[in-house]
Amino acid sequence: MHFSAFPAILSLLVVVSVTTIITATTVPFCVCHDQDALGVDRIDLTPIPAIAGQPLNIFVEGMTEITIEQGFRVHLSIKLKNLPAPSMNYDLCASLIDEVHCPIPAGNTSQARFVYDVPRVSPPGRATTTVTTFDKSGKEVSCIMSQVDVVRPSAAVVPGARLVTKPLRAQPSEKNEGEDEPNMWT
């Protein structure tokens with residue numbers, strides 16, 4: 001298994017809100033079962049830690065070893081405390097940024113952005129994310145794993161504010177439309 005780590009001070013992906021600028025954090029990741037024809041070099045996440053009930057912005061950059069074509073799809077799955085969260089599927093070509101369009105010939109660097117809405121019922125802890133990319137025939141061409149801490153909104157740090165921690169109380173189970181799989185974060 002091959003590991004890549006990057007300094008946490010890189011901040012190329014910036015999310016701007018009306019009053020606050022939050023910089024991305026480059027996270028360490030590993031390649032699952034030596035499968036990464038997309039040549040992922042960097043993964044940035046915003047915010048870190050991820051906050052239950054809020055979007056997690058995922059920025060991925062790499063130099064592909066294969067031609068990326070229409071029909072490539074990305075599957076994002078997350079597990080926390082051995083429980084799966086709702087997974088997401090993305091169209092890789094639709095997620096490319098900087099006015100880059102498919103096909104992307106092998107040997108070119110590309111960047112993609114994905115947004116994952118962290119379920120508001122997410123328990124706090126360290127989640128393992130697996131990002132698997134499939135070509136148009138369904139063959140796996142890349143698999144990357146990383147970890148991200150998930151916190152409840154009351155534990156999130158707001159820039160310029162004092163950190164106040166509160167004990168977590170048991171949250172009532174909620175079930176959102178489309179989340180009726182057994183053993184989910186509900």
Side-chain angles (χ1 to χ4, degrees), residues 1-33 40-61 74-90 95 112-133 142-186:
M1 190 176 280
H2 137 243
F3 287 87
S4 299
F6 300 97
I9 47 181
L10 282 176
S11 56
L12 296 176
L13 175 65
V14 177
V15 176
V16 180
S17 69
V18 176
T19 59
T20 307
I21 297 177
I22 300 172
T23 56
T25 300
T26 300
V27 297
F29 64 91
C30 66
V31 176
C32 321
H33 42 79
V40 174
D41 294 323
R42 190 173 92 218
I43 299 175
D44 292 345
L45 301 176
T46 306
I48 291 290
I51 301 169
Q54 296 186 16
L56 177 64
N57 295 285
I58 305 161
F59 170 86
V60 180
E61 180 177 74
V74 176
H75 179 79
L76 171 68
S77 62
I78 298 178
K79 280 190 176 182
L80 194 140
K81 297 182 180 179
N82 291 322
L83 296 174
S87 59
M88 295 293 298
N89 288 299
Y90 305 89
S95 301
R113 185 174 300 134
F114 310 96
V115 176
Y116 179 77
D117 291 322
V118 180
R120 67 178 182 270
V121 295
S122 301
R126 178 153 293 171
T128 300
T129 63
T130 304
V131 180
T132 309
T133 305
S142 177
C143 182
I144 302 294
M145 292 178 67
S146 64
Q147 293 186 327
V148 61
D149 290 325
V150 177
V151 298
R152 301 293 300 165
S154 62
V157 177
V158 176
R162 252 182 39 178
L163 175 62
V164 178
T165 57
K166 298 179 184 176
L168 292 175
R169 291 180 292 186
Q171 299 294 320
S173 290
E174 298 180 22
K175 191 174 268 190
N176 295 325
E177 188 174 326
E179 292 184 342
D180 38 55
E181 291 182 40
N183 301 321
M184 297 293 271
W185 294 355
T186 55

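Please read these numbers as outputs of a predicted model, since none were measured by experiment.
- Contact of the His33 side chain with the Cys143 side chain is registered, since non-hydrogen atoms from C-beta on lie closer than 4.5 Å.
- Partners of Thr132 under the side chain to side chain donor-acceptor pair (under 3.5 Å) rule, at least two apart in sequence or in another chain, do not exist in this structure.
- Contact of the Val148 side chain with the Ile48 side chain is registered, since non-hydrogen atoms from C-beta on lie closer than 4.5 Å.
- Counting heavy atoms from C-beta outward, Pro119 and Pro86 have side chains that approach closer than 4.5 Å.
- Considering only residues two or more places apart in sequence or on other chains, Val60 meets the side-chain contact (heavy atoms from CB on, under 4.5 Å) condition with Val40, Ile43, Ile58, Phe114.
- Closest approach of Ser146 and Pro28 over heavy atoms only: CB-O, 3.5 Å.
- Contact annotation: the side chain of Ser87 never approaches that of Tyr116 to less than 4.5 Å [non-hydrogen atoms, C-beta and beyond].
- Rounding to the nearest 0.5 Å places CZ of Phe29 at 13.5 Å from OG1 of Thr130.
- A search for side chain to side chain donor-acceptor pair (under 3.5 Å) contacts involving Thr133 returns nothing, not counting sequence neighbours.
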Working for side-chain contact (heavy atoms from CB on, under 4.5 Å), residues Ile144 and Val31: CA-CA 5 Å; Ile144 302 294; Val31 176; 3.9 Å; yes
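- Applying the salt bridge (charged side-chain N to carboxylate O under 4.0 Å, His left out) rule to Asp149 yields the partners Arg126; only residues at least two apart in sequence or on another chain are considered.
- Rounding to the nearest 0.5 Å gives a distance of 7.0 Å between CZ of Arg152 and OG of Ser122.
- Atom-to-atom distance recorded for Asp44:CG and Arg113:CZ is 10.0 Å, nearest 0.5 angstrom.
- Looking at heavy atoms from C-beta onward, Arg42 lies in side-chain contact with Thr26 at the 4.5 angstrom threshold.
- When each of Thr128, Val131, Thr129 is paired with Met145, the side-chain contact (heavy atoms from CB on, under 4.5 Å) condition holds for Thr128 and for no other.
- Taking the side chain as every heavy atom from C-beta outward, Pro153 and Ile51 approach each other to under 4.5 Å.
- Taken to the nearest 0.5 Å, the CG atom of Leu80 stands 10.0 Å off from the CD atom of Gln147.
- Side-chain contact check for Tyr90 versus His75: every heavy-atom pair is 4.5 Å or farther apart.
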